[in-house]
Undergrad: 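Sending over a structure as structure tokens; questions will come in a sec.
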Amino acid sequence: MKKVLVILMLAVIGYSLGTSFSTIKFGENRIGDPKEEKNVAAYYLNRTPDELSVANVITAIVVNYRGFDTLGEVSVLFLAATGLGSILYRRRKKGEHPEVITKPASQLLQSGSKLIYPAILVLGAYVFIHGHLTPGGGFQGGAIIATGLLLMMMAYKDFEIRHNVLTWVESIAGITFVSLGLTGLIYGKTFLENFLPTGNINDVVSGGIIPIIYIAVGFKVAAELAGVLETLLSNKEND
Amino acid sequence: MSSIDYNQIMSIGIYGSAIGLILIGLYAVLMKKHLTKIVIGLSIIDAGIHLLFVAIGYIDNGTAPIFSPKGLEMMAAGKTMVDPVPQALVLTAIVIGFGVTAVALSLVIRLYRHNKTARIDQIKSLKW
């Protein structure tokens, strides 16, 4: 009975969504000529190469035009990591066994992860350093680094990331982001204004504060995701 | 010459699969009994919405909005850049989706520890 009702409801929702989206033509050019700046997308496409010398327009939007939004996003991630820690915090009772898997990982996983781990870290660093030139950026690079750490956590039971280190990395990255924003406010007019020389487009050192902010975001996201994984995988010991 | 052109097929296919993902996720949230599966359903809804966003920003004959040498070459060859705004918004949405999933999973772990089960039909305190 419930199933029939649910399927009926889903059919209604699907029909209404489908009819409303069928009026939007797929692949229609709604931007127009970027030079005319008729809408937001055209504005970003037209201004980014000259104003900021950043090749990747999405990075320019995320870090510069909507940089304040990204600051909020990073703090949401921070809140999620902190909330996770406080929700899962529990004291283990005396004589209670930890909930970890006691069987060691296979030889294949252990030696394979040792081989791949440095390469994953380098790839992550590459992705967030080149965030303003190629697809990718701080969030993606941070996630890649966190997957490398997850691999090591799964392969070696005694692989441990110290929470102190994670907290320090996270705090320094966050402080860098906010202080760059405030410096922009002091030297220019708005928070996160680009005050450094922008350089040539498609150079690694170009775009003013954008690469610095994205590297900070990369470190922050990597530390936060590693903290989340650590909290989910381990059991706090408080003796 | 068929009456349905290429564009119509693409729009039905892509919008249809995005809406289909949303509906599948909603079905999992409403019907599944295991809490982990409900969280997976929420993630599937997320994926559908992201697909819908990016699909709306697509432009026919478009390239990625990156002014790399290759991208400029393709622009000179008559391609246009797709809308960058939905892609930037989806980047934000993916990160928020990660946060939601992480907190939801931690609540599931908490419930499992308390009730020794993660199936909502077996949690006694939910019955009335």
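Sequence lines set the chain letters: A, B, ... in the order given, protein chains first and strands last, and positions in each chain run from 1.
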Undergrad: State plainly whether the residues A/K35 and A/D33 are in salt-bridge range, i.e. N to O under 4.0 Å.
TA: no
Undergrad: Most heavy-atom pairs under 4.5 angstrom with chain B, which of A/L232, A/V74, A/I61?
TA: A/I61
Undergrad: Before we go on, tell me: are the rings of A/F139 and A/F128 under 6.0 Å apart, centre to centre?
TA: no
Undergrad: How far does OG1 of A/T59 sit from CD1 of B/I66, to the nearest 0.5 angstrom?
TA: 7.5 Å
Undergrad: A/I87 versus chain B, heavy atoms under 4.5 Å apart: side chain, backbone, both or neither?
TA: both
Undergrad: Determine the minimum heavy-atom distance between A/E73 and B/T92, stating which atoms define it.
TA: OE2-CA, 3.3 Å
Undergrad: Where does A/I201 contact chain B at under 4.5 Å (heavy atoms): side chain, backbone, both or neither?
TA: side chain
Undergrad: Between B/L52, B/N61, B/V100, B/L107, which residue shows the highest count of heavy-atom pairs closer than 4.5 Å to chain A?
TA: B/L52
Undergrad: For B/Y58, does its backbone N or O pair with a side-chain atom of B/D83 as donor and acceptor, under 3.5 Å?
TA: no
Undergrad: Check each atom of A/D69 against the heavy atoms of chain B and say whether the ones under 4.5 Å are side chain, backbone, both or neither.
TA: side chain
Undergrad: Does A/N39 use its side chain to pair, donor to acceptor, with the backbone of A/A42 at less than 3.5 Å?
TA: yes
Undergrad: Who among B/L72, B/L91, B/L26 has the most heavy-atom pairs with chain A under 4.5 Å?
TA: B/L91
Undergrad: Heavy-atom distances under 4.5 Å only: say whether B/I19 touches chain A with side chain, backbone, both or neither.
TA: side chain
Undergrad: Examine whether an atom of A/L79 lies under 4.5 Å from a heavy atom of chain B, and if so say whether it belongs to the side chain, the backbone or both; otherwise answer neither.
TA: neither
Undergrad: Let me know if B/P86 has heavy atoms under 4.5 Å from chain A in its side chain, its backbone, both or neither.
TA: neither
Undergrad: Hey, which of A/T23, A/I24, A/T19 is the one that makes side-chain contact (heavy atoms from CB on, under 4.5 Å) with A/F21?
TA: A/I24
Undergrad: Relative to chain B, which segment of A/N56 carries a heavy atom at a distance below 4.5 Å: side chain, backbone, both, or neither?
TA: both
Undergrad: Where on B/A64 is there a heavy atom nearer than 4.5 Å to chain A: the side chain, the backbone, both, or neither?
TA: neither
Undergrad: By a 4.5 Å heavy-atom criterion (distance strictly below it), what part of A/L10 contacts chain B: side chain, backbone, both, or neither?
TA: both
Undergrad: Between A/P135 and chain B, with a heavy-atom cut-off of 4.5 Å, which part of the residue counts as in contact: side chain, backbone, both or neither?
TA: both
Undergrad: Residues in ring pair (Phe, Tyr, Trp, His ring centres under 6.0 Å) with B/Y112, at least two apart?
TA: none
Undergrad: Pick whichever of A/G83, A/G14, A/A11 has the most heavy-atom pairs under 4.5 Å with chain B.
TA: A/G14
Undergrad: With a 4.5 angstrom heavy-atom cut-off, is it the side chain or the backbone of A/T134 that approaches chain B, or both, or neither?
TA: backbone
Undergrad: Which one, B/G71, B/A88, B/P65, leads in non-hydrogen pairs under 4.5 Å with chain A?
TA: B/P65
Undergrad: Counting only heavy atoms closer than 4.5 Å, note whether B/I56 contacts chain A via side chain, backbone, both or neither.
TA: both
Undergrad: If I measure from the heavy atoms of chain A, does B/I94 come under 4.5 Å with its side chain, its backbone, both, or neither?
TA: neither
Undergrad: Hey, could you give me the CD1/CZ distance between A/I58 and A/R66, rounded to the nearest 0.5 Å?
TA: 13.0 Å
Undergrad: So, taking the atom named OG in A/S206 and the one named NE2 in A/H132, what distance separates them when rounded to the nearest 0.5 Å?
TA: 4.0 Å
Undergrad: Just by distance, no angles: are the side chains of A/T190 and A/E193 close enough, under 3.5 Å, to form a donor-acceptor pair?
TA: yes
Undergrad: So what's closer than 4.5 Å to chain B heavy atoms on A/Q140: side chain, backbone, both or neither?
TA: side chain
Undergrad: Quick one: what part of B/Y15 sits under 4.5 Å from any heavy atom of chain A, side chain, backbone, both or neither?
TA: side chain
Undergrad: Would you mind reporting whether A/N194 and A/L52 have side-chain heavy atoms less than 4.5 Å apart?
TA: yes
Undergrad: Output the option from B/V85, B/V95, B/L30 having the highest count of non-hydrogen pairs under 4.5 Å with chain A.
TA: B/V95
Undergrad: Taking the side chain as C-beta and beyond, is there a heavy-atom pair between A/R47 and A/Y65 under 4.5 Å?
TA: yes
Undergrad: Which answer fits B/V82, side chain, backbone, both or neither, if we ask what part of it has an atom under 4.5 Å from a heavy atom of chain A?
TA: backbone
